[in-house]
Amino acid sequence: MNWLAVASLTERRAVRQLQPTPRYLPNTPLLNTPFDDIIRDSSFRAPNYHPHDIVLVGALKGYSKHVLASMRVFSNELVKPGNVVSGVVERVTPDAIVLDVTAQGRFKGTISPQHLSDHSGHAELMKSALRPGYEFDQLLVLDIDGSNFILSAKHSLVTSAQQLPLDINQVRLNSVLHGYVCNIIESGIFIRYLGRLTGFSPRNRATDDRRSSLSEVYQIGQSVRTNVVDVSSETSRITVSLKQSFCSSADASFIQEYFLVEEKIAKLQSVDSGGSDLRWVEQFNLGCTVKGKVHEIKEFGVVVSFQKCDDVFGFISHYQLSGIPVETGSSIRTAVLDISKIERLVDLSLKPVFVNKSKKETTNSQTQKVVSVPSYNYTLGYASRADYNTQNLPPKSFTNGESVIATVMALPSPSTSGRLLLQLKSISEAIETSNSKRAKRKSTYNVGSLVQAEITEIRPLELRLKFGSSFHGRVHITEASDDNYTEAPFSNFRFGQTLTARIISKFNMSESVKRVYQWELSIKPSILAGSGEIEPVKKFSYSTGQLVSGFVYKVDSEWAWLTISRDVKAQLYILNSSSEPSELDEFQKRFSVGRAFSGYVLSCNKEKKLVRLISHPLLIDPERPACQEDGPTDHLSETMSFHIRKGSVLGGRISKILPGVGGVLVQIDPHLYGKVHFTELTDPGVTDPLSGYHEGQFVKCKVLEIAYSGKGTVHIDLSLRSISHKTQKQKLSALNDTLKFPVLVEKIEDLHPNMMVQAYVKNVTPKGCFVMLSHKVDAKVLLSNLSDGYVENPEKEFPVGKLVMGKVVSVEPLSKRVEVTLRTSSSVGAPSSDYDALSNLTVGNVISGRVKRVEPYGLFITVDHTNLVGLCHISEISDNHVDTIDSRHKAGDRVTAKILKVDKERHRISLGMKKSYFNDATSTETDARPSSGYTVSGDALSIGIESTPSPEKSSQAREDLDGESVDGKDLFLAEVESRASIPPLDVPLDDTENLDMGDVVNEDSGDVINLDTLDDKNKKHAAKKAKRLSREQEIRAAEERLLEKDIPRDEDEFEKLVRSSPNSSFVWIKYMAFVLSLADVEKARLIAERALRTINVREELEKLNVWVAYFNLENEYGNPPEEAVAKVFQRALQYCDPKKVHLALLGMYERTEQHKLTDELLNKMVKKFKHSCKVWLRRIQWLLKQNQDGVQSVVNRALLSLPPHKHINFITQTAILEFKCGVPDRGRSLFEKMLREYPKRTDLWSVYLDQEIRLGNADVIRALFERAITLSLPPKKMKFLFKKYLEYEKTLGDDERMEAVKRKAMEYVESSLA
């Protein structure tokens, strides 16, 4: 009921919210109301009434009655499509209305909801209001399905039943027929008439505007008018046109049906409330005057209430107020323009031409009250804004008071609900009178003209104006003030207000077709005060760093789009809008549509007339030229150097929290990320820096450093600390002078010995741990310096990420090495008493002590009466081979040993317990030195010293950490021992075999045995024997440690491992995983590249393994992952078998559930490797897992592509896949097809049986076995089938069945022997 001179639908819905919900009205939104489909003409020119017009209307009405009467079906006539019947509603279902049809007996009929009305909105309301027992007088039989009638209540089909064709021979060329849409496809629309007779409208004949989508213009079940353009009896095809220019209505049946169905719905709704709710309509006859009280005054109109009908409301639009002032609570007399019975709403007017006219007329002459044409006493008429074929399109816009031309189609009568029905002519067909031409000539406007315009609509970003003789224009929000800083520049304007504006632009016809306005206007004070000369639009010219202002016209979760001028747009990324997390969280609230914003140009795109803004000033050269013409808005090199520099404070969003102490990745631009080191997550002293952070969280970050790699990538270090590094450093330095508080370290030059520092544990090894002092400085902590007491399990007591306090022991700025101790004792080194005891020890002395700890590689022995601890290596325990030390010694045992080596600088003692060291000569030597208090025992190997307050609390051996031993034997054993700590791999002993063992022995020979204690005769013999035994024991120990397969703990051990096994992909991949655990993604890439260069070209499988690991790496850490993986994939194709590479990538996509990429890759693979059975099976397996259709088509394609010898294998595997993850019946069909062709292949029978046994249907399985054992096969194959049958019955435990199988087997044997 969206009439001329009546409020819009939005305004009316606001009024509707004020009235209480009627008892009968369902509390659901109305899709199509009278306000949507019809316009009302209250002031227009119309042709004079002629007798001819009235005769046509009368004849049409009489003819309709005659037609309807002649089409009624009696009991003696045969019912067929095209007949009109009546029926009573039996029940209403969600999909249809079921009726009892009285025609030649008792039949059932169904009506789909779309066939309840020609208007889709009324069809929904009618369905919701229908109740069992309601009787339809006129229903058209569309088709007959057995004893069920397919019916329609559409007014257009019922009234044109005799013209509807049932057969193609009844269709005439160029005739216009009513029908309904039965299907919509991309290429056109199918129209159904009677029975199964269907016409087709191609896309180019479906609409006048070919750009429109068919699904938007039409819907299934919609009533349409069709123009027959072609009939082919040979092909039985009917081609029709749906263009409105060919199929427009010739009568008012469309709007007439609207009012008739509306009245039916109102009556149905009143039935639920006792039939009393429609009595209020009698008090509001069309055209009469009624009294009411002003209930509320809204900005879109006046709401009126009535004393006698408290649940009925009236509405007066601004146009119908006619300038008459009203106040809330005042009584007024208004004229009734229209009534909505469904919504209980009355359209009213205060215009004197309606109110005064109504006072003179009686209240029972309805015909005289509905007339409203200016030349006929302002009689009211009703015309539809839409037609059958255009009811889904946006209706043509009209303004209040606009003159239109219309034709009288039906006079007021009960069939028109007492309304005068009109039909509008197209504006393009209107005949211009001399007066209109004269007015048009007087209303010509040019750019620069000042006009008085009326506001017809206020939008957030523009004012819609009307001026002159129906000219329409707009004022863009950037043309409202001289600057763009003013918030809500349209807030002071009101609907209907008249203002002065100047025309600044006019659109040509091709542009104005797409717009509802032709003119651009401005109300800027500077332009209104000017001379009227409008400067041409300036050339697009913006400089990087320039301050501009605009208004938001669109916003989503990531971007805000602004309009800077009428033709220049801007975009603002969320992270560039602020650096405060609280503001970033409320991004969409802060940048609501219409909000003003000022920002700085970061980049521009002249072609698109688009600039990108940021909220803070840029750090650029003042002589920087304007933006490059082809510069994209997000180009890294163009923009990053301007707004992201060292020291910049930015807004960021956590993209990923890296495992361990890897820190976090923070997004700071659309395609730019920075890394926050673990030490930069929070202020100093926080035990768990990651607490409080989660992915997607907005943060405020500071740029610490920007580094560029040779490949063009950028690495940005960020900090999330709340205060600056300089302030922190000053505060902590002041505290450190007095309280010895840990100092914040930025670079290695800030460190000096004895400085207190705090750090986070980065990595733990058997030799100690590494800690992070800052994002640039790491330090190592020896195992002996981890604690004052004994540390049994360093990994448990010092987990990765733990906050520790310590003191700097040493700093080497050139090598960037820092050592820290976590011990609280004042001295880091050994006590002076230990130095004295160490100086008293000499090579060759025999000492006594207790076994402190037993390790796989040797014994730690505490020297009596000291805190010194020496190591007796496993190779020095006995002259014979020692398999396990645990079987010989345990902690606490008393032992004697001989000192083989003393390293005072490194505080190490090497001991030996071999019996050969304790011969007569050594015994004499020992007896000669009774004051030493030491006894003799065994072999020798270097070991470290433990300095502790007491032997019981001594810490773990220092040799676990120190891998930098000076003497050759220590280096050799460290090398071998590091190789014993690798993952489970078969590593060859190439490095061990290639070592120059002679040099090693020569270096240590003087320390292994004290040759001075032997006589000259035995010196050479003892030296040779010692060398030989030492080498054998060392090699044997190395082999045993290799078999233990310990995992390397640091990069040095991995480097040794990859050098020893350069062709092992397993080692390289473990190396990559290790550096990833340290959050060093770039180094993992370098290791992958190095592995691909190092592995021999003949080791294709090893190379492929590395490529697959590279895929996984880029899929997890690439930026963006999809592109990074694609680049690595293309490289891998050049070095490895393409099919294997494709399958490897496919496996990764499937594991990571990247369904779209999996599907795309499979489509490429079946084309590239169409002769591969495996590829086709992977395609089928994917379809089955995703529950997608099309398996059969893929099978058919595969059989056409695969060589014949692969068909059996392919079909078998496909059938197995169907059984496992598809439809078993399809699998059975495939097996049956193969067995018909190859009935004697027992392998097929066996596989078929296995699949059925897996499903577990005993009847089906036994039936299949029975078929198999009846075949005529060789005895060997029959034996196999009988044996399989018997084993199956054994699993079920049915003795009777087992005997039956045995009998059948015996019968077969007897028959074969016979």
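Excluded from the calculations below are hydrogen atoms, water molecules and symmetry mates; all remaining heavy atoms, backbone and side chain alike, are included. Please read these numbers as outputs of a predicted model, since none were measured by experiment.
A salt bridge is defined here as a Lys NZ or Arg NE, NH1 or NH2 lying under 4.0 Å from an Asp or Glu carboxylate O, and Glu1082 with Arg1085 meets this definition. Ion pair Asp145/Lys108 not flagged as a salt bridge, since none of the NZ, NE, NH1 or NH2 atoms sits closer than 4.0 Å to an Asp/Glu carboxylate oxygen. One finds no salt bridge joining Lys1156 and Glu1122 here, because no Lys/Arg side-chain nitrogen approaches an Asp/Glu carboxylate oxygen to under 4.0 Å.
Within the structure, side chain to side chain donor-acceptor pair (under 3.5 Å) pairs that include any residue of residues 1260-1270 comprise Glu1232-Arg1267, Arg1262-Glu1289, Glu1266-Tyr1285, Glu1266-Lys1304 (at least two apart or interchain). For residues 1186-1212, no residue pair satisfies the salt bridge (charged side-chain N to carboxylate O under 4.0 Å, His left out) rule, not counting sequence neighbours. Sorted by first and then second residue, the side chain to side chain donor-acceptor pair (under 3.5 Å) pairs involving residues 192-204 (not counting sequence neighbours) are Asp143-Arg196, Arg192-Thr198, Tyr193-Thr226.
Of the candidates Phe1074, Trp1068, Tyr1110, Ile1087 forms a side-chain contact (heavy atoms from CB on, under 4.5 Å) with just one, namely Trp1068. Looking at Val228, Val231, Leu177 one by one, the single match for side-chain contact (heavy atoms from CB on, under 4.5 Å) with Pro165 turns out to be Leu177.
Under the salt bridge (charged side-chain N to carboxylate O under 4.0 Å, His left out) criterion, Arg1178 pairs with Glu1150, not counting sequence neighbours. Contacts of Glu558 classified as salt bridge (charged side-chain N to carboxylate O under 4.0 Å, His left out), with partners at least two apart in sequence or in another chain: Arg653. Every residue was checked against the salt bridge (charged side-chain N to carboxylate O under 4.0 Å, His left out) condition with Arg1297, not counting sequence neighbours, and none meets it.
Side chains of Glu216 and Asn392: a donor-acceptor N/O pair is absent below 3.5 angstrom, by distance only. Side-chain atoms of Glu234 and Ser232 form no donor-acceptor pair, as typed in the model, at a separation below 3.5 Å. One side chain, Ser1172 or Lys1139, offers a donor N or O that lies under 3.5 Å from an acceptor on the other. For Ser1064 and Ser1061, the side-chain atoms include no donor-acceptor pair closer than 3.5 Å. Using a 3.5 Å distance cut-off with no hydrogens or angles, the side chains of Asp167 and Asn169 do pair a donor with an acceptor. With hydrogens and angles left out, the side-chain atoms of Asn1163 and Arg1179 include a donor and acceptor closer than 3.5 Å. If you check the side chains of Asn1115 and Gln1154, you find a donor sitting under 3.5 Å from an acceptor. Judged by distance alone, the side chains of Lys1277 and Thr1242 never bring a donor and an acceptor atom under 3.5 Å apart. For the residue pair Asn1112/Glu1116, the side-chain donor-acceptor check at 3.5 Å is not satisfied. Asn227 and Ser241 are not linked by any side-chain donor-acceptor pair at a separation below 3.5 angstrom, with hydrogens and angles left out of the test.
For Arg1254, the CZ atom counts as densely surrounded, since its 6.0 Å shell holds more than 12 non-hydrogen atoms of other residues, nucleotides or ligands.
A tilted orientation is assigned to the rings of Phe1282 and Tyr1308, their planes being inclined by 30° to 60°. Under the 30°/60° scheme for interplanar angles, the aromatic rings of Tyr1071 and Phe1054 are found to lie parallel. Ring planes of Tyr1248 and Phe1231: parallel class, angle under 30° (limits at 30 and 60°).
The two residues Cys247 and Arg225 make their nearest non-hydrogen contact at O-NE, 3.0 Å. When all heavy atoms of Leu242 and Asn389 are compared, the closest pair comes out as O-ND2, 2.9 Å.
The CD1 atom of Ile657 sits 10.0 Å away from the CG atom of Leu665 when rounded to the nearest 0.5 Å.
Side chains of Met1148 and Val1108 form no contact here, defined as non-hydrogen atoms less than 4.5 Å apart.
Both cation-pi conditions hold for Lys656 and Tyr1117: the charged atom is under 6.0 angstrom from the six-membered ring centre and inside a 45 degree cone around its axis.
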